[in-house]
Amino acid sequence: MTTRTSWADLAANSAAENVGVGSSSDSIKVAGSTSGGGRPAYVPPHLRNRPLSVDPPAPTSSGPASSNDRPGQGGSSWAAARNGYNNRSGYGGSGVRGWGGRSGGWDRGRDREVNPFGNDDDTEQAFSEQENIGINFDAYEDIPVETSGDNVPPPVNTFAEIDLGEALNLNIRRCKYVKPTPVQRYAIPISLAGRDLMACAQTGSGKTAAFCFPIISGIMRGPVPQKPLRARTVFPLALMLSPTRELSMQIHEEARKFSYQTGVKVVVAYGGAPINQQLRELERGVDILVATPGRLVDLLERARVSLHMIRYLALDEADRMLDMGFEPQIRKIVEQMDMPPPSVRQTMLFSATFPREIQRLASDFLANYIFLAVGRVGSSTDLIVQRVEFVQESDKRSHLMDLLHAQRANASQGKQALTLVFVETKKGADSLEYWLCMNGFPATTIHGDRSQQEREQALRSFKSGATPILVATDVAARGLDIPHVAHVVNFDLPNDIDDYVHRIGRTGRAGKTGLATAFFNDNNSSLAKSLADLMQEANQEVPAWLTRYAARSFGGRNRRPGGGRFGSRDFRRDSSFNRGGSDYYGGGNNAGGYGGGYGANVASSWD
DNA sequence: AAAAAAG
């Protein structure tokens, strides 16, 4: 019963820190102010753009100041939309783009760029009173970083050292990014140098910005492309692929912020949504296309999109994109359509975990690439308390109920903290959701059998706190940034430790503590070893019974030969990489840039 | 074996 008590406490604490669930905000962000005196907390950069005050970002000297830049408030034009090298005209059949020189407030027509920062103010203000999360950049100093490859460009320490262009710099300020994160410090100079990149890094640490900034900047500086004239076919210059629709939407939203008033047009295309609207967006011109593979293939086969002019290719969650299910599709897009070869385009792959086999596949897409692994001090994982409980299948529901009751009992302000429950199957998700609702716990569910509308509605309803419990399959495991998730429950454990890592990474974000509870039973014995190792490395309490399980079970794919390590080592440095060995992860024992304290599976909350 | 991704 002691464990039960500690659960309740943990859940309550986690809940207490996460009660700031807004009533209607879809994008909750944290204060970018100084620490409240607590222990240093890591705040992902994309969560830092919460205004410090009601005032808009300080205008720069480059243009006349305006008190606000929201649409409908008149023709503010303080961001230099045309800044020297950016004189791109509307190609792709869209006519002239009119963002820069708009005249008045009446022209909210098709060429009016909606301010992606505009809608945040009201909701953000409400949160600024409740939260005071600090950004601890000192923690970065200790982060182990490994680079390999020829002539690796040196990292930078500030955005000022990088010449990204004035419009982009302005957006960086609007996002309240003060200083580049480690992955940005390394990846941006590498990308600006035109090099291909394979990077291990977490989404939450500014990964999206790390590949967006150089791409946007490169497009702005690059020559205005002479695109082939082909009716109804568009020729994007950059392609960003991701494994789920929601993640593509998220990347699109981020990229829109970064490219605001740069003249660079970002369009998203994914399945499950009416294609006609996406086609219309494309026809209005596209520089950066964010897409999921299926819809993109559709567009390519209809010849509505051509990859002929692609200069930049970015794969997010690259290890997922190249796993068994996705690989043929990705290969088709990258190798069998009209995309320029690796030596002509610039390719960037990002993922938290890079299994050796995936690295091998990925290297087909790259030319003389640089491998980058940005580690993280162990303390970051301390933000997530991991618990494992032995629960038989038949007891799972009542066990979950106990957890939820404890959370509810301890919830402050009557506001239930957000709980994300992962299950193995879509059917299981529906059935658990139904059961929870029947038992008085407002829940919703997200999985691949639901319509896209239902999926998006579920996510909104969860984020807003209307249904503070979200039952999800692995569709929600990767990359999604859902603020205020206090508790991740692995109702069914995944078969792959990497999936576990991605799942628990949905909590413990934005410097908040998070709790991750896993239900373990005989069905999960193959995961025992890797789970125990992972928890051990993250300084978590490993139950004795789990250690016993780990000792006697062999976990197939999850086993890490040679003691295993976090999969962030360049497989090219492995002398055995061309022998076709069966190692899942590249690797020897701590042979690389990571010291001893950074061993197996410390990937933890990485995306 | 399941999930995701086109319709």
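So you know, we letter chains A, B, ... as the sequences are listed, proteins then strands, and number each from 1.
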>> Under 4.0 Å, heavy atoms only, any strand: does Val297(A) hit a base, just the sugar-phosphate, or nothing?
In response: nothing
> Going from CZ on Arg320(A) to CG on Leu241(A), what distance comes out if it is rounded to the nearest 0.5 angstrom?
Replying inline: 15.0 Å
>> Do the side chains of Asp492(A) and Lys396(A) get close enough for a salt bridge, i.e. N-O under 4.0 angstrom?
In response: yes
>> At 4.0 Å (heavy atoms only), tell me whether Gly271(A) reaches a base, stays on the sugar-phosphate, or touches nothing.
In response: sugar-phosphate
>> In whole Å, I'd like the distance from the CG atom of Asp499(A) to the P atom of dA1(B).
In response: 17 Å
> Roughly, in whole Å, what's the span from CD in Glu317(A) to C1' in dA3(B)?
Replying inline: 14 Å
> Separation of Asp498(A) atom CG from dA3(B) atom P, in whole Å?
Replying inline: 19 Å
> Quick one: Asp449(A) CG to dA3(B) P, roughly how many Å, whole number?
Replying inline: 8 Å
> How would you label the contact of Arg245(A) with the nucleic acid (heavy atoms, under 4.0 Å): base, sugar-phosphate, or nothing?
Replying inline: sugar-phosphate
> How many Å lie between CZ on Arg478(A) and P on dA5(B), as a whole number?
Replying inline: 13 Å
> Can you list the residues that meet the ring-ring contact (aromatic ring centres under 6.0 Å, His included) rule with Trp435(A), with sequence neighbours excluded?
Replying inline: none
>> With a 4.0 Å cutoff (strictly under), does any side-chain N or O of Arg320(A) reach OP1 or OP2 of dA2(B)?
In response: no
>> Less than 3.5 Å apart, any donor N or O on the side chain of Ser248(A) or Ser242(A) sitting next to an acceptor on the other?
In response: yes
> In chain order, what residues pass the salt bridge (Lys or Arg N to Asp or Glu O under 4.0 Å) check against Asp522(A), with sequence neighbours excluded?
Replying inline: none
> What is the nucleic acid contact for Arg302(A), judged by heavy atoms within less than 4.0 Å: base, sugar-phosphate only, or nothing?
Replying inline: nothing
> Taking the six-membered ring of Tyr549(A), is the NZ or CZ of Arg552(A) close enough (under 6.0 Å from the centre) and on axis enough (within 45°)?
Replying inline: yes
> Taking DNA chain B as the partner, which of residues 421-431 of chain A come within under 4.0 angstrom of it by heavy atom?
Replying inline: Glu424(A), Thr425(A), Lys426(A)
>> Starting the side chain at C-beta, find the nucleotide from dG7(B), dA5(B), dA1(B) nearest to Phe326(A).
In response: dA5(B)
> Looking at Thr473(A), does any N or O in its side chain come under 4.0 Å of the phosphate oxygens OP1/OP2 on dA2(B)?
Replying inline: no
> Got a salt bridge between Asp319(A) and Arg478(A), using NZ or NE/NH1/NH2 to carboxylate O under 4.0 Å?
Replying inline: yes
> Starting at CG of Asp496(A) and ending at P of dA2(B), how long is that distance when rounded to a whole Å?
Replying inline: 16 Å
> What integer distance in Å separates Tyr270(A):OH from dA4(B):P?
Replying inline: 16 Å
> What's the CD-P distance between Gln453(A) and dG7(B), to the nearest Å?
Replying inline: 13 Å
